[in-house]
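No experiment lies behind these values; they were computed from the predicted model shown. Just so it is clear: chains get the letters A, B, ... in the order the sequence lines come, proteins before strands, and each one is counted from 1.
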There are 2 protein chains.
Amino acid sequence: MLEYIILGFLYQNSLTGYDIKKCIDQGVGMFYRVSYGSLYPLLDRLRNKELVTCSSEIKGKRETKKYEITDKGQQVFMQWLTEEEYENSSIEAFMARVYFFDLLTEATAFAIIQRYEAKLKVYLQELLKKKEKYEEAGRQRYYYKVSTLYFGICKIQSILDWCSVTKQKEDLNTLMKVERED
Amino acid sequence: MLEYIILGFLYQNSLTGYDIKKCIDQGVGMFYRVSYGSLYPLLDRLRNKELVTCSSEIKGKRETKKYEITDKGQQVFMQWLTEEEYENSSIEAFMARVYFFDLLTEATAFAIIQRYEAKLKVYLQELLKKKEKYEEAGRQRYYYKVSTLYFGICKIQSILDWCSVTKQKEDLNTLMKVERED
DNA sequence: GAGAGCATGTAATCAGTTACATGATTAC
DNA sequence: GTAATCATGTAACTGATTACATGCTCTC
């Protein structure tokens, strides 16, 4: 996962390890975190797989390493970005992919979001069924247990809203709730 | 994390490892998953720490092991459940805790949710600032990058809605969007 | 000259998965 | 009799964190 995100940031610019961490923190930090302890070994692995190259630059007394994506790396990244059977797709993993969708054609991005939306709708139905079961049983004693279920349902619904707006490249502000008092 | 969740399910009933997995899958499966490969070693560890005891029962030819929480285990669980400085609190971790809030007094549950809400509001303000920056820059080229930011904001807003409803033990159905056509 | 930020890395550890391995019991 | 489910576990591996270790460069 992180390997692909690194490739994604290298897709547009050559960066140092340090830069990459900053990009990840600021760009997809909501969905993924990295520590240097995992980043640098990962960069070595990417180099061994020939998905990136590395060139040392000496600025004054300090050596910095700039990483550049290779053609093979670009292919691997694009493959991941458009993969139909992207299985371990938690919403976080999905959003980390969407972050790079500006690199795709509109049609491709649309299709991927649509596929994800379809899967979510199935899942939402399951949750709604589960919720009904709980309500039948009329379990007032389990208020918080039920509330976590409601949370799950709301979450899916809000992702679905996001999908429908983003898919059409509508004005994202329609997602915001205006009537918010705090 | 999983250790506490296991203790939570044992808090009310003695269970086998197999049962615990079912409870986790069905109860907090939205937030956490377990495999047997992590569950059984974890149960051993809990036993070493004397947070659970284990008794073998022989049903016919099959040996089953029932796990029971100890007093110490109950204390450790309750400590976790009410901990003020619960740092690694992703929303998933938080919700996994809320799942067990029926074990708390209303006042305690209220206070914990309120604290979480306060933190989220600060975070939301940060995200809104970041969003404004993007808009100032008027980056139409980065539609999807911005859309993931909107997603983050919507997510936080929907958690805040959940907090305000749940905190007051209001009817959870008010969280549902009625005007939903699909 | 001090502190923030730039820059790279290792070692120990932790938390978890996947695949393997086995076999009993129940419901149809 | 067979398939689903009950039931427990190990071994190899993966992916990541935390703490440690070092030292330069820029800005005030």
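Taking atom CD of residue B:E57 and atom P of nucleotide D:dC6, one finds them 16 Å apart after rounding to whole Å. The interatomic distance linking A:I6 (CD1) with D:dG15 (P) rounds to 12 Å, in whole Å. Summarising the geometry, the separation between OH on B:Y32 and C1' on C:dT17 is reported as 16 Å, rounded to the nearest angstrom. Per the geometry, CD belonging to A:E92 stands 17 Å off C1' belonging to D:dG15, to the nearest Å. Atom-to-atom, CD1 of A:I20 to P of C:dA7 comes out at 12 Å; the value is rounded to the nearest Å. D:dC6 atom P lies 19 Å from atom CD of B:E63, rounded to whole Å. Between the CD1 atom of B:I58 and the P atom of D:dT8 there is a distance of 13 Å, rounded to whole Å.
With hydrogens and angles ignored, the 3.5 Å screen pairs a side-chain donor or acceptor of B:D102 with a backbone N or O of A:Y143. The closest donor-acceptor contact from the side chain of A:R97 to the backbone of A:W80 lies under 3.5 Å. The backbone N or O of B:K155 lies less than 3.5 Å from no partner atom in the side chain of A:S158, so there is not a single donor-acceptor pair.
Nearest-nucleotide positions on DNA chain D for A:E3 and A:Y36 put A:E3 closer to the 5' end.
Pairs engaging residues 12-23 of chain A under the salt bridge (charged side-chain N to carboxylate O under 4.0 Å, His left out) rule: A:K21-A:D25 [sequence neighbours left out]. Judged as a salt bridge (charged side-chain N to carboxylate O under 4.0 Å, His left out), not a single pair has a partner in residues 72-81 of chain B (not counting sequence neighbours).
Every side-chain hydrogen bond (donor to acceptor under 3.5 Å, both in side chains) that B:Q114 has, sequence neighbours left out, goes to B:K167. Here A:S164 pairs with A:E117 under the side chain to side chain contact (heavy atoms under 4.5 Å, CB included) rule; sequence neighbours left out. Looking at residues two or more places apart in sequence or on another chain, you find a ring-ring contact (aromatic ring centres under 6.0 Å, His included) between A:Y11 and A:F77. Checked against side chain to side chain contact (heavy atoms under 4.5 Å, CB included), B:R33 has no partners two or more places apart in sequence or in another chain. Every residue two or more places apart in sequence or in another chain was checked for a ring-ring contact (aromatic ring centres under 6.0 Å, His included) with A:Y18, and none qualifies. Take B:Y150 and apply the ring-ring contact (aromatic ring centres under 6.0 Å, His included) test, not counting sequence neighbours, and it matches no residue.
Among the protein residues, A:T16 comes within range of the sugar-phosphate backbone only, with heavy atoms under 4.0 Å from sugar or phosphate atoms but none that close to a base.
Residues from residues 37-48 of chain B that place a heavy atom under 4.0 Å from any atom of DNA chain C, listed by number: B:G37, B:S38, B:R45.
Out of C:dC6, D:dA7, C:dT17, the shortest distance to the side chain of B:Y18 is found at D:dA7. Distances from the side chain of A:D19 to the nucleotides C:dG9, D:dC6, C:dA7 place C:dA7 closest.
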At a cut-off of 3.5 Å, list every protein nitrogen or oxygen paired with a nitrogen or oxygen from nucleotides 25-28 of chain C, distance to 0.1 Å.
from, atom 1, to, atom 2, distance (Å)
C:dT25, OP1, B:K59, O, 3.4
C:dT25, OP1, B:K61, N, 2.7
C:dT25, O4', B:R62, NH2, 3.2

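The C1' atoms of five pairs define one axis at each end of the helix from C:dG1-D:dC28 to C:dC28-D:dG1, and these two axes lie 40° apart (to 10°).
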Please tabulate, one pair per line, all N/O donor-acceptor pairs under 3.5 Å involving side-chain atoms of residues 103-113 of chain B, not counting sequence neighbours.
from, atom 1, to, atom 2, distance (Å)
B:T105, OG1, B:T108, N, 3.3
B:T105, OG1, B:T108, OG1, 2.7

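OP1 and OP2 of D:dA7 both lie 4.0 Å or more from every side-chain N or O belonging to B:T64. Close to C:dA7, at under 4.0 Å from its OP1 or OP2, lies no side-chain N or O of A:K22.
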